[in-house]
Amino acid sequence: MSRLPHSPLRLGVNIDHVATIRNARGGAHPDPVRAAIVAAEAGADGITAHLREDRRHISDEDIARLSAEIDLPLNLEMAATDEMLGIALRHRPHAACIVPERREERTTEGGLDAAGQHNTLAPLVDRLRNVNIRVSLFIEPDRRQIDAAKQLGAPVVELHTGRYCHLDGEAQAAELRRLADAAAYAASLGIEPHAGHGLSFGNVAPVAAIPELAELNIGHFLVGEAIFIGFEASIREMRRLMAEGRAA
Ligand SMILES: CC(=O)[C@@H](O)[C@H](O)COP(=O)(O)O
Ligand SMILES: NCC(=O)COP(=O)(O)O
């Protein structure tokens, strides 16, 4: 039986940790906007940047310059706060992904509790959607959270792949099945599923093979690998592995 044509799988390149390196010396190099331009030349389908409340990496000026200077769709990752809502309404990115944040966390540790925060999230989601910003909720691959995203009217969910990336053997296989079920369930509700966090050359292919996923957001690994092979080569290899995984 001939295989159905594979749906395209987009790569969103997260440039947060270009800014981490820049901020290590408080200067202007390496420039995250230049990294976004290189990413576009390397075939990225979008740029993701997480403006954290503590500005540990991406700054307000980075968001302003990315909004003004890059042609690729910008996916602004943001906490569900009035401050971040105001910034999103000012810069009007293509998309906004609502992520949980704790100042003391080293990185994002889990998904948003959309089910438990409906009343807090609903007005924020509405304000973003009313100005045509595509809203995504960064959630665990959990049907209850997907139902909550549906009730909130979010057209996209981004499934947290962190657990999958930190497991191995049968536990990792079980988490991959959980991701696949969540992606299929989201799609069945008319929600576009994305995925991200912790993805690398070594673990991306099985996630890329999940047919309902429309986009992967990947950053930390790409920036780290760029130290050894260059940012453009890092992105091109990731796209190759994603295509290989999707075609498997
Ligand atoms: C939500 C997510 O998984 C990442 O995009 C997020 O940006 C991680 O936080 P750091 O980039 O600060 O590690
Ligand atoms: N939302 C996930 C993302 O943008 C990148 O996460 P990571 O690859 O930096 O872990």
Side-chain angles (χ1 to χ4, degrees), residues 9-24 32 35-36 39 44-59 62-63 66 72-81 84 87-88 93-114 134-141 145 149 154 156-167 175 179 182-183 192-205 207-208 213-227 231 234-235 237-239 241-242:
L9 177 60
R10 300 189 301 270
L11 171 61
V13 173
N14 184 312
I15 56 173
D16 292 350
H17 299 295
V18 177
T20 297
I21 297 169
R22 177 199 55 199
N23 294 0
D45 299 291
I47 297 298
T48 291
H50 186 181
L51 182 65
R52 282 180 170 266
E53 169 269 334
D54 62 10
R55 282 35 175 207
R56 65 181 69 173
H57 40 55
I58 293 290
S59 68
D62 293 329
I63 296 301
L66 287 164
L72 283 181
L74 175 62
N75 174 35
L76 170 64
E77 288 185 333
M78 52 180 270
T81 63
M84 289 301 149
I87 291 167
H94 165 71
C97 182
I98 315 302
V99 301
E101 261 187 38
R102 290 185 313 115
R103 179 178 275 247
E104 60 273 20
E105 67 186 2
R106 182 193 297 267
T107 185
T108 301
E109 295 169 340
L112 190 70
D113 181 14
R134 190 203 70 197
V135 176
S136 171
L137 302 182
F138 186 78
I139 60 171
E140 292 299 321
Q145 297 298 341
V156 176
V157 292
E158 181 170 331
L159 304 176
H160 180 219
T161 51
R163 275 181 49 82
Y164 160 77
C165 295
H166 287 103
L167 293 169
E175 186 67 12
L179 286 162
E192 183 176 282
H194 299 179
H197 196 90
L199 294 173
S200 68
F201 288 168
N203 63 29
V204 72
V207 175
L213 288 178
E215 182 172 305
L216 301 183
N217 283 294
I218 307 173
H220 181 266
F221 178 82
L222 291 173
V223 174
E225 190 65 13
I227 293 170
F231 198 43
S234 178
I235 291 166
E237 177 64 4
M238 186 61 79
R239 283 182 56 85
L241 292 166
M242 286 168 58

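In listed order, ligands and their atoms are each counted from 1.
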Of the listed options V223, I98, N217, T108, closest to atom 1 (C) of ligand 1 (non-hydrogen atoms)
T108

Counting heavy atoms only, which of H50, E77, R52, H220 is nearest atom 5 (O) of ligand 1?
E77

Work out which heavy atom in [X] is nearest to a heavy atom in [Y]; give both atom names and the distance.
{"X": "Y164", "Y": "N203", "answer": "OH-O, 2.7 Å"}
{"X": "L222", "Y": "F231", "answer": "O-CD1, 4.0 Å"}
{"X": "L137", "Y": "A114", "answer": "CD1-CB, 4.1 Å"}
{"X": "A35", "Y": "V18", "answer": "CB-CG2, 3.8 Å"}
{"X": "S59", "Y": "L51", "answer": "C-CD1, 3.5 Å"}
{"X": "R52", "Y": "E101", "answer": "CA-OE2, 3.4 Å"}

Which ligand 1 atoms does [X] reach within 4.0 Å, using its non-hydrogen atoms?
{"X": "T107", "value": "8 (C), 9 (O), 10 (P), 13 (O)"}
{"X": "D16", "value": "7 (O), 10 (P), 11 (O)"}
{"X": "V99", "value": "1 (C)"}
{"X": "N14", "value": "5 (O), 7 (O)"}

Under the criterion side chain to side chain donor-acceptor pair (under 3.5 Å), I'd like the reasoning laid out for N75 against T48: C-alpha separation, chi angles, the key distance, then a yes or no.
CA-CA 5 Å; N75 174 35; T48 291; 3.0 Å; yes

How would you list, by chain and number, the residues with a heavy atom under 4.0 angstrom from ligand 2?
N14, T48, E77, F138, E158, G196, H197, G198, N217, I218, G219, H220

Any atom of ligand 1 sitting under 4.0 Å from a heavy atom of H17?
yes

Within the structure, is a non-hydrogen atom of H57 found at a distance of less than 4.0 Å from ligand 1?
yes

Under 3.5 Å, is there a donor on one side chain and an acceptor on the other for E158 and H197?
no

To check your reading of the model: name the closest protein heavy atom to atom 2 (C) of ligand 1, its residue, and the distance in Å.
H197 ND1, 3.5 Å

Sequence neighbours excluded, the answer for side-chain hydrogen bond (donor to acceptor under 3.5 Å, both in side chains) partners of R106 is none

Yes or no on side-chain contact (heavy atoms from CB on, under 4.5 Å) for M78 and I98, after CA distance, side-chain angles and deciding distance?
CA-CA 5 Å; M78 52 180 270; I98 315 302; 3.9 Å; yes

